[in-house]
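What follows is a short report on a single structure.
Keep in mind the model is a prediction, meaning the values are calculated, not measured. Whatever order the structure lists ligands and atoms in, that order sets their numbers, starting from 1. Side-chain atoms are counted along with the backbone in the values below, which use heavy atoms only and exclude waters and symmetry mates.
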Amino acid sequence: MASDNLTAVLYKVNDLRLEKRSIPEPEDHEVLLEMGSVGICGSDVHYLVNGAIGDFVVRAPMVMGHEASGTVAKVGKNVKNLKVGDRVAIEPGVPCKTCEYCKHGRYNLCADIIFCATPPCHGNLCQYYTHSADFCYKLPDHVSMEEGALLEPLSVGVHACRRADVKLGSTVLVTGAGPIGLVSMLSAKAMGATKVIITDLAQNRLDLAKDLGADYTVLLNKDSNEKAIVEQVHQLLGKEPDKTIECSGAESSIRIAIQATKSGGVVVVVGMGRPEATVPLVNALVREVDIRGVFRYANCYPLALEMIASGKVDVKKLITHNYTLEETLAAFETAKTGAGGAVKIMIHCKK
Ligand code: NAD
Ligand code: 572
Ligand code: ZN
């Protein structure tokens with residue numbers, strides 16, 4: 001088998017290597033993809049720096065990358081939906097399709113899901129990679145490979161807004177203006193939110209949020225007074241938000257989210273911080289503020305693609321840095337330090 005498949009492999013903490021691996025053969029239901037663009041996600045950086053996220057521990061070398069697009073280079077014999085040359089976005093989680101959750105369409109909750117770059121499963125930061133054809137979405141000619149890769153985080157935003165039941169006229173608070181807060185804000189706007197306010201500790205991220213369409217921004221610092229922030233949010237909006245989408249992972253943000261949200265409203269928690277948090281639960285209970293979890297997404301790629309293809313949402317501005325596959329180590333160094341105001345770093349795998 002040819003072994004000219006340059007691949008980014010995480011061996012252990014702070015030991016990321018580029019190595020040549022063999023080009024895999026697609027199974028009957030799979031396609032072989034020549035990889036296009038792969039975004040670096042916060043989770044990739046977390047595995048690099050800590051070797052684990054919660055119970056998911058890198059115990060064996062793992063290929064990085066799960067925000068990806070590619071071009072079909074070969075098709076398995078049972079593949080009907082794609083042909084050689086098709087450009088596709090790759091949905092990184094392939095579920096079992098037979099469990100109760102899969103059958104009810106909530107396949108993100110499948111216990112046997114194989115999700116790229118979540119140990120022990122390999123990701124797709126490489127030149128050639130095989131994937132289930134039915135988790136690949138053909139891109140129209142005018143949608144770029146970078147946008148195809150960004151369908152992944154955008155799908156998290158779409159799922160968060162669906163969980164929050166964002167609709168025409170919603171007023172939305174987003175806490176945290178990292179890539180996930182920003183795609184949640186873009187999704188909320190696209191789904192009809194008329195006012196979106198977003199918080200962060202970093203002014204450059206709030207500036208980008210404003211550029212992307214945030215109506216109001218709130219700069220916080222670690223010592224900001226909780227009650228004063230809630231007041232400020234209400235004052236800027238002129239009302240209480242119907243929905244809050246927590247995207248920072250900070251306990252203080254969950255506390256603010258609950259207190260700021262209107263009675264009868266919804267708080268969705270996307271940010272993954274410490275496993276346990278102290279939150280004003282009774283405040284939420286007596287005001288019937290629903291607190292809902294978010295775990296990745298299910299059935300969101302088609303809508304995320306429509307949002308981009310129709311021009312309703314522009315995700316390209318999230319990309320602050322570009323690297324080639326050969327420059328992967330430098331790309332991860334930038335992701336680790338956040339140098340140059342890095343938000344989304346994109347790696348281009350095709351020569
Ligand atoms: P990120 O670290 O780039 O962004 C987080 C942002 O929150 C940063 O800009 C940071 O300055 C800001 N922040 C930190 N503390 C804050 C505070 N107290 N108030 C307001 N803002 C604060 O991460 P990201 O890639 O945007 O992801 C956001 C979170 O979502 C992470 O915790 C990540 O693990 C999680 N995530 C969850 C899912 C899921 O399925 N639930 C999916 C993807 C990401
Ligand atoms: O794009 C998917 C994604 N999911 C993230 C983070 C970044 N990107 N999640 C946060 C971490 N969890 S987890 O349950 N886990 C490591 C499987 O703690 C998944 C969702
Ligand atoms: Zn991710």
Side-chain angles (χ1 to χ4, degrees), residues 38-47 49-58 62 64-68 90-93 108-109 111 113-121 123-125 149-160 163 173-185 197-209 217-226 229 233 244-257 260 268-275 277 292-298 300-301 304 318 320 335-336 338 341-345:
V38 182
I40 298 182
C41 172
S43 69
D44 297 313
V45 180
H46 202 92
Y47 287 121
V49 173
N50 302 292
I53 301 180
D55 295 340
F56 293 83
V57 181
V58 179
M62 177 183 82
M64 293 284 224
H66 62 269
E67 299 181 355
I90 305 165
E91 181 172 349
N108 55 324
L109 304 180
I113 195 165
I114 291 169
F115 198 94
C116 290
T118 294
C121 306
N124 44 27
L125 183 47
L150 287 168
L151 283 190
E152 204 282 333
L154 182 57
S155 293
V156 176
V158 166
H159 187 60
R163 293 279 294 153
L173 164 65
V174 177
T175 53
I180 296 299
L182 295 172
V183 292
S184 297
M185 184 201 74
I197 184 166
I198 187 162
T199 67
D200 205 284
L201 305 173
Q203 186 60 50
N204 68 308
R205 292 198 161 192
L206 293 178
D207 293 343
L208 177 57
T217 61
V218 179
L219 180 65
L220 308 179
N221 63 59
K222 286 244 152 69
D223 308 316
S224 294
N225 175 278
E226 194 169 275
I229 297 159
V233 166
T244 299
I245 307 176
E246 197 312 282
C247 301
S248 75
E251 179 179 286
S252 58
S253 283
I254 310 176
R255 296 180 56 82
I256 288 164
V268 297
V269 183
V270 187
M272 292 261 195
R274 287 187 288 132
R292 299 181 187 162
V294 165
F295 189 68
R296 299 172 179 149
Y297 41 75
C300 292
Y301 262 65
L318 261 67
T320 50
K336 266 204 287 194
V343 176
K344 181 55 68 186
I345 298 170

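Contact between Cys41 and ligand 2 is present, with at least one heavy atom of the residue lying under 4.0 Å from the ligand. For the pair Tyr47 and ligand 2, a heavy-atom separation below 4.0 Å is found. Within the 4.0 Å heavy-atom shell around ligand 1 one finds Asp200.
Using a 4.0 Å cut-off between heavy atoms, Glu152 contacts ligand 2 through its side chain alone, with no backbone atom that close. Residue-level proximity to ligand 1 for Ser248 is carried by backbone and side chain together, each with a heavy atom below 4.0 angstrom.
Of the candidates Met272, His46, His66, it is Met272 that places a heavy atom closest to atom 20 (C) of ligand 2. By heavy-atom distance, the residue among Gly271, Gly273, Ala177 lying nearest atom 30 (O) of ligand 1 is Gly271. Evaluated by nearest non-hydrogen atom to atom 1 (P) of ligand 1, the leading choice among Lys344, Glu152, Arg205 is Arg205. Comparing Gly157, Ser253, Ser184 against atom 17 (C) of ligand 1, the shortest heavy-atom distance belongs to Ser253.
Counting only heavy atoms of the protein, atom 19 (C) of ligand 2 lies nearest to Phe295 CE1, 3.5 Å. In terms of protein heavy-atom proximity, atom 27 (O) of ligand 1 is nearest to Ile180 CG1, 3.4 Å. Summary of contacts: the protein heavy atom closest to atom 32 (O) of ligand 1 is Met272 N, 2.9 Å. The nearest protein atom to atom 4 (N) of ligand 2, hydrogens excluded, is given as Arg296 CG, 4.2 Å; this is a heavy-atom distance. The protein atom (non-hydrogen) at minimum distance from atom 6 (C) of ligand 2 is Ser43 CB, 4.0 Å. At the top of the distance list for atom 18 (O) of ligand 2, counting protein heavy atoms only, stands Ile53 CG2, 3.6 Å. Looking only at protein heavy atoms, the nearest one to atom 14 (C) of ligand 1 is Leu201 CD1, 3.7 Å.
Close N/O approach between Leu220 and ligand 1 is not found [any backbone or side-chain N/O within under 3.5 Å]. The N/O atoms of Ala202, backbone and side chain alike, include none that comes under 3.5 Å of an N/O atom in ligand 1. Of the N or O atoms in Gly42, none lie within a sub-3.5 Å distance of an N or O in ligand 1. Taking only nitrogen or oxygen atoms, main chain and side chain alike, Val269 does not reach within less than 3.5 Å of ligand 1. Backbone and side-chain nitrogen or oxygen atoms of Arg296 are examined, and one is located within less than 3.5 angstrom of a nitrogen or oxygen of ligand 1.
Counting only heavy atoms, the protein gets under 4.0 Å from atom 24 (P) of ligand 1. For atom 10 (C) of ligand 2, the nearest protein heavy atom is under 4.0 Å away.
Listed by atom number, the atoms of ligand 1 under 4.0 Å from Ser252 heavy atoms are 18 (N). Within ligand 1, counting atoms from 1 as listed, the ones closer than 4.0 Å to a heavy atom of Val294 are 39 (C), 40 (O), 41 (N). Of all the atoms in ligand 1, the ones that sit under 4.0 Å from a non-hydrogen atom of Gly178 are 3 (O), 4 (O), 6 (C), 9 (O), 26 (O). Residue contact check: Thr199 has heavy atoms under 4.0 Å from atoms 20 (C) of ligand 1.
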Exercise for the section: Please assess Glu246 against Thr244 for the test side-chain hydrogen bond (donor to acceptor under 3.5 Å, both in side chains), listing each intermediate value before the final yes or no. Expected result: CA-CA 6 Å; Glu246 197 312 282; Thr244 299; over 6 Å; no
